[in-house]
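Notes follow once the structure below has been shown.
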There are 2 protein chains.
Amino acid sequence: MPEFTTLEHENLNKAVYGALCDALIQGRFQPGDRLKIRDLAEQFGISVTPIRDAILRLANDEAIIFRSPRDIRIPDLSEGRYREIRAIRIKLEGLAAETAAQVATSADIEVLERILCENEKAIEAGDRLKGAELNQAFHFMLPQIAGLPVLNGILRRLWLQMGPHISDAYLPGGRAMIDHHYPVVEALKRHDSGAASMAIVDDILLGGKPILERIERGAERKAL
Amino acid sequence: MPEFTTLEHENLNKAVYGALCDALIQGRFQPGDRLKIRDLAEQFGISVTPIRDAILRLANDEAIIFRSPRDIRIPDLSEGRYREIRAIRIKLEGLAAETAAQVATSADIEVLERILCENEKAIEAGDRLKGAELNQAFHFMLPQIAGLPVLNGILRRLWLQMGPHISDAYLPGGRAMIDHHYPVVEALKRHDSGAASMAIVDDILLGGKPILERIERGAERKAL
DNA sequence: ACAAGATATTTGATGCATCTTTTTTGAACT
DNA sequence: AGTTCAAAAAAGATGCATCAAATATCTTGT
């Protein structure tokens, strides 16, 4: 019985979608930025159809919004919405960590440890983008180890929605973005579901502080 | 600060998407059914572009799959995937019920009671589609009462993915689909978060039994 | 300088043609 | 009857023209 997955076959639509996702997550777009289908078509050197496909998909992901039928924007992230996303992540990533702790292999743990090692180097080098990318890779490994593709899809979308805030919060966050990864890995080694779940929840809460601070500062700027 | 929502403005694309969603949830498609963009364009009496838009969106929702670049199908739902969806729903709808219990107004509770009353009539009349629709309305009310739009979006997508199984499981499920709704409402009246969460979890587990039985029977048929 | 209204330009939605790839059908052979 | 191969048909992706609605700009008046 084949699993319920979207086939990853290559076409312009997917390539554009991937590029726009990367740009969102890397903070290359800012809240309020306007996207125009014809502009992007010109930048990518292709017709409007695959751009339009990718844009509609991102709107479905709630990573971009149609402020009106002709006005496509990068949305801001309200404090309320961020808190909701964080509460959802706590529940879902907690579930993923719990399940991953039950089934993780030595190979899985090696991958996680390699990610941590590279992330130490990124922090050392002040490489904000690399660090944010590795942080995401770590979080995305847990549902993969746990064998939870549906949850993986949900998490991917939540990451897109937080995108413009993540990489900017990374350096201010410093070690807060990585310190709790170690106890997660230790709990996986011991097959300790409870400890894994608690550690990832701590990571989400601690890692969320600089994001909340950034959102609050953004709200203050808007109120001026 | 505007909330992060997709604006609901009217166009053919959205109309088609809504119609296909309804068809999925009402079990008018069966797992394995093939969709063809040109066929649907002919049925809806419009060009392929808005059909294609809607199809790509449903693929993004993981409600339909591209088995290959030219073969669009309604996916089956494996037992493993259904169990995962159920585990995610337990976490998220538990969170929604818990939060809804804190903030529910008398008006909210009246809406839920009206849904229950109508569902009693649907069960009495053996109206499978009406009953499934009201069951969904009940579950979707909780994130709305709780003020959790992100969670609402996740739940909508999960419902689409279970779509072809839900309405068929409704009559076999009988009162199992509705009995636990009453304690949920009672807990909301008392603002009892713990009880609301436990009751919705019970509802999901009990209501999931006929769906699991259906999936197991489907797997048996495929093994023949 | 600001506001209101008119005009011009822009922008997304949709229809449709074309291309390439995939699927289906038919013929031949065993 | 079943298999294999070739040919025909079909199907999604993409390019692009057109339309209508929305946005931006300009002009006029206060």
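Throughout, protein chains are lettered first and strands after them, A, B, ... in sequence-line order, and every chain is numbered starting at 1.
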To the nearest 0.5 Å, what is the distance between CD (Gln30(B)) and CG (Leu24(B))?
-> 10.5 Å
Secondary structure of DNA chain D in dot-bracket form (Watson-Crick or G-U wobble, distances below 3.5 Å, | marking inter-strand pairs) | ||||||||||||||||||||||||||||||
Closer than 4.0 Å, any side-chain N/O of Thr49(B) to the OP1 or OP2 of dC16(C)?
-> no
State whether Arg67(B) places a side-chain N or O below 4.0 Å from either non-bridging phosphate oxygen (OP1 or OP2) of dG12(D).
-> no
Any ion pair linking Arg28(A) and Asp22(A) (charged N to carboxylate O, less than 4.0 Å)?
-> no
Send over the distance from Leu12(A) CG to dT21(C) P, rounded to a whole Å.
-> 13 Å
Counting N and O atoms only, with roles assigned by atom type, does the side chain of Glu118(A) sit under 3.5 Å from a partner on the main chain of Leu134(A), one being a donor and the other an acceptor?
-> no
N/O (side chain, Arg52(B)) to phosphate O (OP1/OP2, dG12(D)) under 4.0 Å = no
Exam field: side chain Gln26(B) to backbone Leu129(B), donor-acceptor pair closer than 3.5 Å | no
Looking for any heavy atom pair under 4.0 Å, which part of the strands does Ile55(B) touch: base, sugar-phosphate only, or nothing?
-> nothing
Which part of the nucleic acid, if any, lies within reach of Leu35(B) when heavy atoms closer than 4.0 Å are counted: base, sugar-phosphate only, or nothing?
-> sugar-phosphate
Would you kindly check whether a donor in the side chain of Arg70(A) faces an acceptor in the base of dA22(D), or vice versa, at under 3.5 angstrom?
-> no
Residue whose closest nucleotide on DNA chain D lies nearer the 5' end, Ser47(A) versus Asp71(A) | Ser47(A)
Salt-bridge criterion met for Asp33(B) and Arg73(B) (N-O under 4.0 Å) = no
Taking CD1 from Ile51(B) and P from dA11(D), how many angstroms apart are they, rounded to a whole number?
-> 14 Å
Salt bridge (Lys or Arg N to Asp or Glu O under 4.0 Å) assessment of Arg83(A) paired with Glu79(A) = CA-CA 6 Å; Arg83(A) 286 185 185 281; Glu79(A) 184 179 332; 2.9 Å; yes
